Amino acid sequence: MALLEVNNLGISFGGLRAVDDFSISIEKGQLYGLIGPNGAGKTTVFNLLTGVYKPNVGIIKLDGQDITGKKTIDVNRAGIARTFQNIRLFGKLSVIDNVKVGLHNQMGYSVFASILRLPSFRKVEAQLQERALEILKVFDLDKEAEVLASNLPYGKQRKLEICRALATNPKLLLLDEPAAGMNPMETLELMETIRFVRDHFDMTILLIEHDMKLVSGICEELTVLNFGRILCQGKTSDVLNNPEVIKAYLGE
Amino acid sequence: MKANSIKDKFTNLKANKPLRQDLITYAIVIFAYLLIRILDMAGMVNSQLNGLLVPICVYAILAVSLNLTVGILGELSLGHAGFMCVGAFTSAFFSKCMVEAIPLAIVRFPVAILIGAVCAGLFGVLIGIPVLRLKGDYLAIVTLAFGEIIKNIINTINIGRDSNGLHFSMKSAMDLGMEKDGVFLIKGAMGITGTPGDSNFTIGVILLLITLFVVLNMVRSRDGRAIMAIRDNVIAAESVGINITKYKLLTFAISAALAGMAGALYAHNLGSLTATPKTFGYNMSIMILVYVVLGGIGNIRGSMIAAIILYVLPEMLRGLQTYRMLIYAVVLIVMMIYNWAPKSIAWRETHSAKDLLAKVKGVVASKSKKGGN
């Protein structure tokens with residue numbers, strides 16, 4: 001059974017059918033790409049999957065569990081974590097605290113324990129510190145642990161967002177244009193990172209991207225969206241050679 | 001073995017900057033307290049300053065607790081005086097009822113403070129549920145309105161007690177219909193008179209320390225991180241599974257409860273307690289907000305110090321009469337520029353005590369190097 005099963009998903013904003021009849025099936029461990037011209041509805045699909053929008057029709061199943069129409073926090077608890085197209089970090093918190101916020105639901109103690117500094121506070125805080133550093137180390141960010149997140153250079157902010165998402169211990173990771181604003185060198189490094197995340201964390205990844213080099217380099221399967229509808233779906237090499245897709249991207 | 005563990009704790013403290021900062025904050029309060037006590041014993045505290053000591057604690061607690069909502073949660077609340085009002089009246093009512101039943105102030109007053117804090121906290125939750133769906137300016141205006149509503153409702157409450165028990169009326173004191181032996185507990189706009197004067201400077205400082213302890217410990221915990229995450233980016237906080245409603249309500253309730261505690265301290269410092277616009281109106285809420293903004297939004301120690309300075313200053317300037325408010329206004333502007341102007345921030349960063357020390361060390365080191373060559 002596929003990890004993520006989406007059937008006939010659709011949503012309208014007023015008279016605009018932003019996403020229509022969207023179906024996708026992603027196997028565990030897959031690196032899946034969602035591409036399409038600007039305004040095709042890619043981010044809307046992400047917002048539907050993560051509960052930001054409630055779909056008008058359709059079913060979303062994660063690991064056999066129906067998560068259609070659930071709230072964002074419940075979707076996250078069910079196992080979907082995401083990054084954002086325009087980076088959304090907790091800017092005034094340190095790098096390590098950003099990851100610790102991601103770990104929020106993994107390890108906890110009561111409010112009383114935090115105010116009264118009970119032993120459970122010390123114990124769990126020590127575990128949080130250790131686990132957060134572990135995650136940062138994987139992305140080579142452990143040296144900047146105490147830096148404010150907003151002071152990190154752009155590329156590292158993107159990495160930190162992935163760290164924070166992974167800290168919630170998801171089954172499926174959604175990356176919204178991870179290479180946006182990166183130069184070719186950084187993009188190459190990012191491709192390595194994404195592959196590494198998949199192998200190291202045994203993760204399933206769905207990503208939105210415009211950078212064709214990145215998409216063709218790492219994605220195993222693709223879905224192309226155009227005007228809210230699926231234009232083409234299948235193996236990366238087949239999809240990228242499809243004349244319909246080329247037409248949608250380059251025009252006639 | 002024991003010396004070792006103390007040394008360990010010391011190095012731990014050195015590495016843990018937030019903890020060190022918190023301890024400095026507590027130390028400032030305790031030092032100031034001891035200083036005043038010593039001056040008092042030397043007879044150097046005049047009656048004017050003596051009368052300011054408890055209010056200073058009240059406003060410092062209010063500023064610190066409001067900073068939890070404004071600075072840490074990042075939501076503008078203008079109803080803080082309303083929560084203080086709830087705490088003041090509930091605790092004063094309790095004390096007045098129980099003054100004969102529990103003659104010992106040392107037992108009665110802590111219970112009164114607790115009641116004030118809990119009632120204000122409950123009001124925080126009640127008001128927070130509808131209000132916290134709003135953001136920014138809208139939230140500010142609605143909290144302001146709720147603060148005024150609380151004040152006005154309390155102004156209409158009449159409660160009396162006679163041999164038949166308690167009487168309650170929202171119309172007038174006459175409507176209570178009491179027997180001849182009846183006593184008024186709360187008399188509408190006249191408020192509560194004859195509250196036992198249980199407050200003193202020592203209790204004020206203890207309550208301030210409790211407030212700091214609660215706020216600082218909360219900020220530097222899992223919950224504090226979650227609250228600040230909501231402040232920095234709601235959408236992202238939600239996406240990592242933070243329960244926004246829960247944490248907003250929690251912050252609002254704790255902030256209100258601490259304001260209620262300040263209200264209890266305030267009420268037991270005065271012979272008569274009335275809910276006038278001056279004491280619990282939005283002027284007061286804005287005054288507290290001024291303390292928070294000038295002390296530094298999100299800076300707990302700063303808001304405490306700002307509250308102390310800005311409360312004492314106009315009182316101390318009474319001798320200057322008409323120039324008093326002018327000087328006060330100028331000080332507000334100067335503090336604002338010092339705290340928030342970009343050039344001032346840059347100047348403070350390059351001229352911090354730590355950097356100066358490093359510079360001196362660097363000069364010494366380079367000189368000794370030259371000497372060696």
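Keep in mind that this is a model prediction, so the values were computed, not measured. Chain A is the first sequence line, chain B the second, and so forth, proteins listed ahead of strands; every chain is numbered from 1.
Within a 6.0 Å radius of CZ in Phe46(A), other residues, nucleotides and ligands contribute more than 12 heavy atoms. Summarising the local packing, CD of Glu189(A) is surrounded by 12 or fewer heavy atoms from other residues, nucleotides or ligands at distances under 6.0 Å. Open room surrounds CG on Asp137(B); 12 or fewer heavy atoms of other groups in view lie less than 6.0 Å from it. More than 12 heavy atoms of other shown residues, nucleotides or ligands fall within 6.0 angstrom of atom CD1 in Ile28(B). By the neighbour-count criterion of 12 heavy atoms within 6.0 Å, atom CZ of Phe31(B) is sparsely surrounded, having that number or fewer from other residues, nucleotides or ligands. Other residues, nucleotides and ligands contribute over 12 non-hydrogen atoms within 6.0 Å of the NZ atom of Lys54(A). Counting non-hydrogen atoms of neighbouring residues, nucleotides and ligands closer than 6.0 angstrom, the OH atom of Tyr154(A) exceeds 12 such neighbours. Applying the 6.0 Å contact sphere to NZ of Lys171(A) captures more than 12 heavy atoms from other residues, nucleotides or ligands.
Val101(A) has its side chain within reach of Val240(B): a pair of non-hydrogen atoms, C-beta onward, lies under 4.5 Å apart.
Expressed to the nearest 0.5 Å, how far CG of Asn47(A) lies from CD1 of Ile235(B) amounts to 8.5 Å. To the nearest 0.5 Å, the span separating OG on Ser239(B) from CD1 on Ile73(A) amounts to 11.5 Å. Note that the CD1 atom of Ile242(B) and the OG1 atom of Thr72(A) stand 12.5 Å from one another [nearest 0.5 Å]. For the atom pair CZ of Arg222(B) and CG of Leu103(A), the computed distance is 10.5 Å after rounding to the nearest 0.5 Å. How far CG of Asp223(B) is from CZ of Phe112(A): 11.0 Å, rounded to the nearest 0.5 Å. Atoms NE2 and CG, from His104(A) and Asn243(B) in turn, are 8.0 Å apart once rounded to the nearest 0.5 Å.
Using a distance-only test at 3.5 Å, with no hydrogens or angles considered, a donor-acceptor pair links the side chain of Asn105(A) to the main chain of Gly241(B). Under the 3.5 Å distance criterion, the side-chain polar atoms of Arg117(A) are matched with a main-chain donor or acceptor of Asn217(B).
Only the side chain of Leu250(B) comes within less than 4.5 Å of a heavy atom in chain A; its backbone stays farther off. Ser94(A) does not touch chain B: none of its heavy atoms, backbone or side chain, sits under 4.5 Å away. Interface residue Phe121(A): only side-chain heavy atoms are found under 4.5 Å from chain B. Using a 4.5 Å cut-off between heavy atoms, Arg231(B) contacts chain A through its side chain alone, with no backbone atom that close.
Interface remark: of the candidates Thr83(A), Leu93(A), Thr168(A), Leu93(A) forms the most heavy-atom pairs closer than 4.5 Å to chain B. When each of Ile254(B), Asp232(B), Leu216(B) is checked for heavy-atom pairs under 4.5 Å with chain A, Asp232(B) comes out on top. Ranked by non-hydrogen atom pairs under 4.5 Å with chain B, the options Lys100(A), Arg82(A), Arg77(A) are led by Lys100(A).
By the 4.0 Å N-to-carboxylate-O rule, Glu125(A) lies close enough to Arg225(B) to be salt-bridged with it.
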